[in-house]
Amino acid sequence: MKKGGLFIIIISFFFAAGCASGSSSPGRSTQAQGGGNHLEEARDAIAIGSPEQLNHAISLLSAGGASEAGEELKGLASFFLRTLYPLTPGAELQIPISQGSFWAPILRAVEAGQWPQVAPANVSFLTSLVSPVAILFTQSETIYAQAEETLRQLIQLNPASVLPAYLSGRLGEKRGQDEAAMTNYRRALELDPSCYPAELGLSRILIRQGQGEEALPRLNRLAGLYPRSPEILGALAEAYFSQGSYEQALTTVTDALIPVPDNESLLFLRARILERMGRLDQASRILSIVERSLPNDPEVILLRVRLNRDGGNNAQALAQIRRAYEMYPQREDIESLYGELLIAAGDVQAGRDLLNQTGRASGDGEHLASLDILLKDAVASLLWAEAQGYSNRILEHRRGLADLLTAREIAQALNDTAGVQALETELFQQFSGDPQVQMIRIRSLIQRGQLIQARELIQQALQTSGSFSRRSTLYYLLSLTLAGETEKIEALRSALLEDLENRDALVELSRIYAARRDYRNALRYLRQATQLAPSDQALQQELRDLERRAQ
């Protein structure tokens with residue numbers, strides 16, 4: 001059939017048979033034109049394709065008396081329910097279609113992942129709506145392409161139908177086209193909020209995109225509606241995991257595994273959660289189960305490598321990552337971990353070469369993990385100029401809090417005053433509520449002599465901070481903003497009440513008492529400070545000078 005032929009046939013049927021039009025509301029059954037015939041009303045409801053409308057069609061047809069056409073439509077509505085909405089009440093009815101019906105080979109082909117052959121006389125909106133369901137049972141790009149074109153036409157024909165939007169979302173997700181998938185999932189949910197598979201699909205993408213906080217309320221709502229669904233509970237566990245709520249993630253994935261204890265995806269998620277919680281032995285035992293059937297899966301191998309590395313078995317970890325690199329040479333995460341392990345094993349140059357190769361392989365920020373490792377290694381080795389190069393490349397694609405803080409540390413080490421100030425300005429603008437940034441802001445104000453502003457920020461921070469160490473630092477900084485000696489001593493003593501090992505407060509108190517010629521107290525505080533930092537030569541010299549003055 002030449003291009004456009006299917007579209008013309010569907011349009012002809014659409015207007016002749018009175019299928020649901022764009023003005024139909026997905027929340028109400030569409031009344032057939034010309035008398036409210038229950039078969040036409042059922043067709044309209046099936047065309048809408050929401051769980052409510054599919055069940056409405058079955059009820060309508062069951063009450064309307066037995067007929068061949070009615071039984072076929074009931075079977076079709078049941079097919080959509082059990083295939084697309086298996087958790088919806090009514091999906092378990094499994095109403096069959098007669099093997100003599102023209103629908104029978106169509107549905108068999110779809111469930112086999114094939115595009116059904118439909119005789120021209122049987123082409124309709126509903127047969128065209130059934131055909132793209134084949135994407136759920138195949139990975140064939142040929143089928144995907146046919147489905148894409150058909151779904152586009154169906155959306156034009158009936159914008160109120162939920163299924164073309166939902167299936168377009170599933171198609172986009174299977175193809176890795178997450179943005180297009182999200183658009184279609186959201187459209188399906190606008191048409192019918194009870195289309196829970198669209199909500200679930202949207203949540204999966206949000207988690208992948210690092211927006212687990214948006215996915216959590218959606219998935220919690222779904223879990224409340226379908227508390228025994230392993231798929232929903234698994235996604236909810238993944239969302240908790242993405243947000244660092246490991247205990248909740250572990251509890252949720254455990255619940256998900258109850259009806260499907262051998263589910264590999266859920267077992268693997270449980271192993272990942274346990275690894276992040278530091279429960280390496282438990283994670284290893286569970287991963288062993290997954291490895292029996294997925295020994296060469298790259299994600300499974302990576303987790304095994306990390307478990308061996310974190311458990312101190314570096315030689316085995318290196319051997320495993322080398323094998324993974326040979327199997328999957330284009331995987332950036334494998335290359336990055338391989339380079340990291342080479343550096344840890346002492347083959348520093350080979351590790352750096354590999355990571356540099358990985359970092360150069362893409363100019364669009366895809367290989368940031370490799371640059372992160374190179375940057376960490378350069379900072380640890382005090383190779384500040386090299387570190388700045390890596391940092392600048394990362395900042396071209398990502399400017400998170402940790403990235404900016406590291407860049408500022410490097411700029412300070414290189415005495416790049418202008419760079420430090422520019423980075424601090426960005427930190428203050430973008431992350432003003434972060435405690436680290438607040439400390440940087442306060443110290444910067446003190447350094448510039450803006451003591452009143454610094455003092456105001458310190459007082460605000462003291463009201464909200466519950467950390468003893470942070471409160472101690474704040475009291476020490478407060479002392480630097482005060483003019484009166486008595487006030488300074490009071491602030492410094494408050495700092496030591498919060499943290500007896502605040503070296504800065506000890507040194508500052510020593511200097512105040514030394515200026516008073518109270519050498520006994522001055523020496524007492526300075527000796528405590530030097531015991532906390534025995535390798536600080538400048539502090540040791542200050543102690544020797546004070547001891548001479550006290551003689």
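Source: prediction; values computed, not measured. Hydrogens, waters and symmetry mates are skipped; everything else that's a heavy atom, side chains included, is used.
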Problem set entry | Note: R204-E238 ion pair, threshold 4.0 Å (strictly below) | no

Roughly how far, to the nearest 0.5 Å, is the [atom2] atom of [Y] from the [atom1] atom of [X]?
X: L280; Y: L287; atom1: CG; atom2: CG; value: 11.5 Å
X: I321; Y: D333; atom1: CD1; atom2: CG; value: 8.0 Å
X: L427; Y: R399; atom1: CG; atom2: CZ; value: 9.5 Å

Checking the side chain of [X] only, and the main-chain atoms of [Y] only, is there a donor and an acceptor separated by less than 3.5 Å?
X: S131; Y: W115; value: no
X: R82; Y: L93; value: no
X: Y226; Y: L233; value: no
X: T183; Y: E179; value: yes

Exercise. Do Y185 and E173 have side chains that get closer than 4.5 Å, going by heavy atoms?
Worked result: yes

Exercise. Taking the six-membered ring for Trp, are the ring centroids of F80 and Y85 within less than 6.0 Å of each other?
Worked result: no

Side chains of [Y] and [X]: any donor to acceptor distance under 3.5 Å?
X: S98; Y: E72; result: no
X: S242; Y: R208; result: no
X: N296; Y: R323; result: yes
X: E332; Y: S336; result: yes

